Amino acid sequence: MRDNERGGALTEVTFFILLSVFTPRHGYAIMQFVEEQTAGRLTLGAGTLYGALNTLAERGWIAPHGERGGRRRAYCITPAGRVAAERELQRLRTLAETAERIMAGQEETEHG
Amino acid sequence: MDKQKRCIRYFGPFLGAQERWLNRMAEKGYRLTGTGVLGYAFGPCRPGQVRYCVEWVGEKSPESAGDYRAFLEGLGYRVLEKNVNCNLSLWKLRWRPWAERGGQLAAGGRTFGREIFLVEKDNDGRDFVLHTALADRRQYLRRVQAPWLWLALFLAVLGIGYGPPLWLLSALLPLAPALALQAQIGRLRRRERTEE
């Protein structure tokens, strides 16, 4: 998982996993959530998800939730994770506003 | 018709070849029921009912491998362990310098002979890929590459230290798959410049 430490940008996988555990979910539910929310555009491999969950847990952004039910362990977002998600949302909003401003300006230039 | 089948195969560290063979067997209606050092046992299933993915876990400690296995099984996958026997052995000590802490000394029964997972899922018509993000895929391939590089280094040191030159030339053999993996790693790194 490669995040831009200076720019604070999260990868799409990281952000979607954080969003998925605003409600406690186990691994399979996280995979389903990401696929449904992206209409199938983004699918998480089990190995990628496992590594990402471990990394996010090490960072303190997510934590195990409840008792481990058999082989399934659920995760939920932590306060630090919420801060990271909120920061990412603000970054994306700024990016979208910048893009709209520039591309709208480009359209005006093209149409005289 | 009840079909049981036993096959003798040795793929060693060639994970892709093993994965393709298991999926060909699945297409014929054979489902893996057990593994041995050189053997594979199959039972009947509907042709194409299951799909396989072969995953290298040779660098993991027993606890880490067990946790990953539990995670995969929690997703509904079935996991069988298989040997690759990729290790450096001097007398009774097996040292894996590429492994994570807790996995570097391979003892019988815990990590030795359990270097790969044969992961099975019900066929849902999609490709079975465990590592989908580019960075994660690149890091996984580096973990697969590491034993080849250590083996080449080991043989080179033996060749330099003990001769004859054949030992030194044999160091080139594990470099071939290592370089093939490096080419894949390089392609992923270039894609990562603009994609995730």
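Quantities reported herein were computed from a predicted structural model and do not represent experimental measurements. Lettering of chains follows the sequences in order, A, B, ..., and the numbering in each one begins at 1.
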Those residues of residues 26-38 of chain A, ordered by number, that approach chain B below 4.5 Å (heavy atom to heavy atom):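 Within residues 26-38 of chain A, near chain B: G27(A), Y28(A), M31(A), E35(A).
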
According to a 4.5 Å side-chain heavy-atom criterion applied to Ile, Leu, Val, Met, Phe, Trp and Tyr, with indirect links allowed, do [X] and [Y] form part of one hydrophobic cluster?
X: L141(B); Y: F14(B); result: yes
X: F22(A); Y: L56(A); result: yes
X: L44(A); Y: V129(B); result: no
X: L92(A); Y: L42(A); result: yes

Would you say that more than 12 heavy atoms from the other residues, nucleotides or ligands in this model lie under 6.0 Å from the NZ of K5(B), or not?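 Atom NZ in K5(B) is not packed in, count stays at 12 or less.
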
For R82(A), is the CZ atom crowded, meaning more than 12 foreign heavy atoms sit under 6.0 Å from it? yes

Determine, step by step, whether L49(A) and F71(B) satisfy the side chain to side chain contact (heavy atoms under 4.5 Å, CB included) criterion, reporting the C-alpha distance in whole Å, the side-chain angles of both residues, the deciding distance to 0.1 Å, and the verdict. CA-CA 10 Å; L49(A) 178 58; F71(B) 179 80; 3.8 Å; yes

Among T132(B), L134(B), L72(B), single out the residue with the greatest number of heavy-atom pairs under 4.5 Å to chain A.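 The answer is T132(B).
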
Answer yes or no: is there a side-chain heavy-atom contact under 4.5 Å between T48(A) and Q139(B)? no

At a 4.5 Å cut-off on heavy atoms, which part of F128(B) comes close to chain A: side chain, backbone, both, or neither?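 No part of F128(B) comes within 4.5 Å of chain A.
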
Quick one: list whatever passes side-chain hydrogen bond (donor to acceptor under 3.5 Å, both in side chains) with H131(B), sequence neighbours left out. E55(B), D136(B)

How far does OG1 of T43(A) sit from CZ of R126(B), to the nearest 0.5 angstrom?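 Result: 7.0 Å between the selected atoms.
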
